[in-house]
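Here the structure is laid out as structure tokens; the discussion comes afterwards.
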There are 2 protein chains.
Amino acid sequence: MKRTKSSVIPSSVVRRLTEYLAYAQTFGNENGDQWVSSREIAQALGLTSSTVRQDLSHIDFCGISKRGYHVKGLRAVLEDTLGANSVWRVAVVGAGNLGMAIAQNDEFRERGFHIIGVFDKDAAKVGRSVGPLKVQHVSAMPDFVSGEGIDIGIVAVPAAAAQGVADLLIASGVRGILNLSLSHIITPRRVQVVEARLTCSLLELSHRIKYARKENK
Amino acid sequence: MKRTKSSVIPSSVVRRLTEYLAYAQTFGNENGDQWVSSREIAQALGLTSSTVRQDLSHIDFCGISKRGYHVKGLRAVLEDTLGANSVWRVAVVGAGNLGMAIAQNDEFRERGFHIIGVFDKDAAKVGRSVGPLKVQHVSAMPDFVSGEGIDIGIVAVPAAAAQGVADLLIASGVRGILNLSLSHIITPRRVQVVEARLTCSLLELSHRIKYARKENK
DNA sequence: CCTTTGCTGTGAAAAGTTTGACACCCGTCA
DNA sequence: TGACGGGTGTCAAACTTTTCACAGCAAAGG
């Protein structure tokens with residue numbers, strides 16, 4: 001009922017907030033008033049209702065007894081908290097399979113991440129079309145990033161090149177980096193990094209599969 | 001010096017083990033004896049040396065004083081622990097941008113994840129080439145999965161279709177699922193799931209950017 | 001009006017994770 | 001050889017995250 005925390009939100013919580021938002025977005029867009037309880041959210045996402053309530057206590061939004069949370073309101077607050085209602089200007093570096101797939105993916109644009117530049121080192125790839133864009137050479141990136149006011153850089157290059165690319169992005173004024181490469185990237189504190197590695201996720205999965213066998217018998 | 005834990009490894013640790021492996025793999029393949037200390041690993045990955053030592057205490061591998069860890073040995077043990085030395089038979093469902101990019105990505109094959117089937121619901125996509133493969137219609141998936149002994153299914157379809165696809169995969173005998181879709185997937189305990197959502201990572205990043213500003217001033 | 005019921009917000013306990021501290025070990029160099 | 005320095009493995013403390021338990025509120029139905 002108070003809900004005036006608004007201090008820093010732990011990142012374990014932030015990660016779940018992104019899922020709550022995805023869940024809230026699955027409800028129709030136009031409809032009138034829908035309500036959802038912490039128990040329902042928990043069930044849909046494989047959590048406990050307690051965790052959900054605790055998490056939501058970090059944002060400035062109250063549920064009401066016997067009804068739960070107003071879906072539309074919840075969604076709006078989550079979008080605000082997560083910056084999903086802003087427009088972010090994004091550049092992708094690395095026009096390999098993954099980079100191209102990301103650049104062409106509409107899901108990001110729908111959520112406010114506008115990809116407006118794609119870069120690669122390989123001359124053979126420069127000039128290729130990516131939706132309405134064309135792949136540019138990496139050497140054009142710094143000017144582009146600072147000129148266009150890019151907020152976020154997505155690093156989709158081989159591990160060995162990742163830190164170099166990141167340094168360029170940072171020097172050009174990017175505020176955050178999504179690192180898809182296998183190597184860890186070091187940044188000054190003012191530049192945020194989130195790492196997302198499919199290979200690591202697959203390895204985690206394969207470990208779990210291997211291990212689950214032993215456990216189940 | 002004892003190192004006979006071998007009970008269950010917490011998943012926070014497993015996630016880092018995948019990164020240690022990626023790091024160990026950056027060392028040349030052929031060379032003789034290289035050694036690395038917990039401090040070096042920690043520095044490269046942005047952790048503390050204590051965490052690294054604690055994590056490595058979960059696997060059956062000892063460092064030695066004054067030298068650190070033998071890179072080749074460490075790598076071998078990590079590969080074993082994570083199942084990265086096995087060959088996994090993988091099918092991708094969803095031949096959109098992301099699905100196609102994954103199916104064509106060599107990085108996975110190099111690490112033992114052999115993608116041997118790609119499926120989509122959309123008749124227009126069926127028949128397209130993906131490297132040496134061709135996209136097949138989803139209706140062919142169950143027989144293919146059980147016939148070919150697929151271990152892992154990668155779900156790269158829209159959120160609304162994800163659970164249905166997962167259910168099919170599970171019924172056909174898959175042992176693990178990598179879920180790239182925005183919706184949470186429910187599986188029986190014997191089938192492992194790892195979720196990897198680029199959109200959520202981007203949202204986490206945008207939250208951090210938004211918040212960092214406030215903090216820094 | 002009062003009672004019941006179902007759900008929230010919250011404080012505190014429990015569980016899990018990270019960090020710190022230190023005994024001990026092994027190469028190196030005098 | 002002995003002492004040093006730089007590393008490991010491990011125990012315990014500090015911190016974080018999750019779960020539990022419950023007071024209290026809001027709707028619904030007498």
Side-chain angles (χ1 to χ4, degrees), chain A residues 1-20 23-24 32-71 73-74 77-78 81 184 204 208 211, chain B residues 1-20 24 32-71 73-74 77-78 81 184 204 208:
Chain A
M1 285 297 148
K2 296 177 215 157
R3 286 310 156 77
T4 331
K5 278 196 182 181
S6 120
S7 51
V8 56
I9 303 178
S11 59
S12 57
V13 175
V14 173
R15 270 194 287 280
R16 281 192 303 267
L17 292 183
T18 63
E19 307 199 1
Y20 302 155
Y23 175 71
D33 289 330
Q34 297 194 47
W35 297 81
V36 68
S37 71
S38 58
R39 189 172 39 75
E40 289 172 285
I41 299 178
Q43 211 148 28
L45 302 184
L47 307 166
T48 69
S49 65
S50 196
T51 301
V52 174
R53 288 203 302 282
Q54 190 77 263
D55 286 348
L56 295 185
S57 81
H58 285 92
I59 62 175
D60 190 21
F61 183 72
C62 289
I64 71 179
S65 303
K66 182 95 180 191
R67 295 253 222 162
Y69 302 88
H70 187 241
V71 173
L74 176 60
V77 176
L78 284 173
T81 305
H184 178 76
E204 191 187 333
R208 295 241 295 261
Y211 184 78
Chain B
M1 285 294 150
K2 294 179 215 157
R3 286 307 156 79
T4 332
K5 279 196 180 178
S6 118
S7 51
V8 56
I9 304 178
S11 60
S12 57
V13 175
V14 173
R15 269 193 288 280
R16 280 192 302 266
L17 292 182
T18 63
E19 306 198 1
Y20 301 156
D33 289 329
Q34 297 194 47
W35 297 81
V36 69
S37 70
S38 58
R39 189 172 40 75
E40 289 172 286
I41 299 178
Q43 212 149 28
L45 303 183
L47 306 166
T48 70
S49 65
S50 197
T51 302
V52 174
R53 289 203 302 281
Q54 187 79 266
D55 286 348
L56 294 184
S57 80
H58 285 93
I59 63 176
D60 191 19
F61 183 73
C62 290
I64 72 179
S65 303
K66 182 97 180 185
R67 296 253 222 162
Y69 302 88
H70 188 241
V71 173
L74 176 61
V77 176
L78 284 173
T81 306
H184 178 76
E204 191 187 335
R208 297 240 294 259

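The chains referred to below are lettered A, B, ... by the order of the sequence lines, with proteins before strands, and numbering in each begins at 1. Just so it is clear, the model here is predicted, and its values are computed rather than measured.
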If I take atom [atom1] in residue [X] and atom [atom2] in nucleotide [N], what distance separates them, rounded to the nearest angstrom?
X       : N      : atom1 : atom2 : result
A:Phe61 : C:dT8  : CZ    : C1'   : 12 Å
A:His70 : C:dC7  : NE2   : C1'   : 17 Å
A:Trp35 : D:dC25 : CH2   : C1'   : 14 Å
A:Arg39 : C:dG9  : CZ    : P     : 15 Å
B:Ile9  : C:dG16 : CD1   : P     : 16 Å
B:His58 : D:dT8  : NE2   : P     : 17 Å
B:Ile64 : C:dC25 : CD1   : C1'   : 10 Å
A:Arg67 : D:dA28 : CZ    : C1'   : 12 Å

Atom pair [atom1]/[atom2] of [X] and [Y] - distance to nearest 0.5 Å:
X       : Y       : atom1 : atom2 : result
B:Arg16 : B:Asp55 : CZ    : CG    : 4.0 Å
A:Tyr23 : A:Ile41 : OH    : CD1   : 6.5 Å
B:Gln54 : B:Leu47 : CD    : CG    : 13.0 Å
A:Gln43 : A:Ser49 : CD    : OG    : 10.0 Å
A:Leu17 : A:Ser12 : CG    : OG    : 9.5 Å
B:Leu56 : B:Leu78 : CG    : CG    : 7.0 Å

Evaluate the criterion side chain to side chain contact (heavy atoms under 4.5 Å, CB included) for residue pair A:Tyr69 and A:Arg53; output intermediate values, then yes/no. CA-CA 10 Å; A:Tyr69 302 88; A:Arg53 288 203 302 282; 3.7 Å; yes
What I want to check is whether an N or O donor and acceptor connect the side chain of A:Ser65 with the base of D:dC25 at under 3.5 Å.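 Pair found.
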Does a side-chain heavy-atom distance below 4.5 Å link B:Thr81 with B:Ile9?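 Yes; the side chains approach each other to less than 4.5 Å.
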Counterpart residues, salt bridge (charged side-chain N to carboxylate O under 4.0 Å, His left out), relative to A:Glu204 (two or more places apart):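 For A:Glu204 the salt bridge (charged side-chain N to carboxylate O under 4.0 Å, His left out) partners, ignoring immediate neighbours, are A:Arg208, B:Arg15.
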Enumerate all atom pairs, one protein N or O and one N or O from nucleotides 28-30 of chain C, separated by less than 3.5 Å.
none

Report which part of the nucleic acid A:Ser38 touches: base, sugar-phosphate, or nothing (heavy-atom distance under 4.0 Å, all strands).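 Sugar-phosphate contact only - A:Ser38 comes under 4.0 Å of backbone atoms but never of a base.
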Reading nucleotides 17-23 of chain C 5' to 3', which nucleotides get B (base under 4.0 Å from a protein heavy atom), which S (sugar-phosphate only), which -? SSBBB--
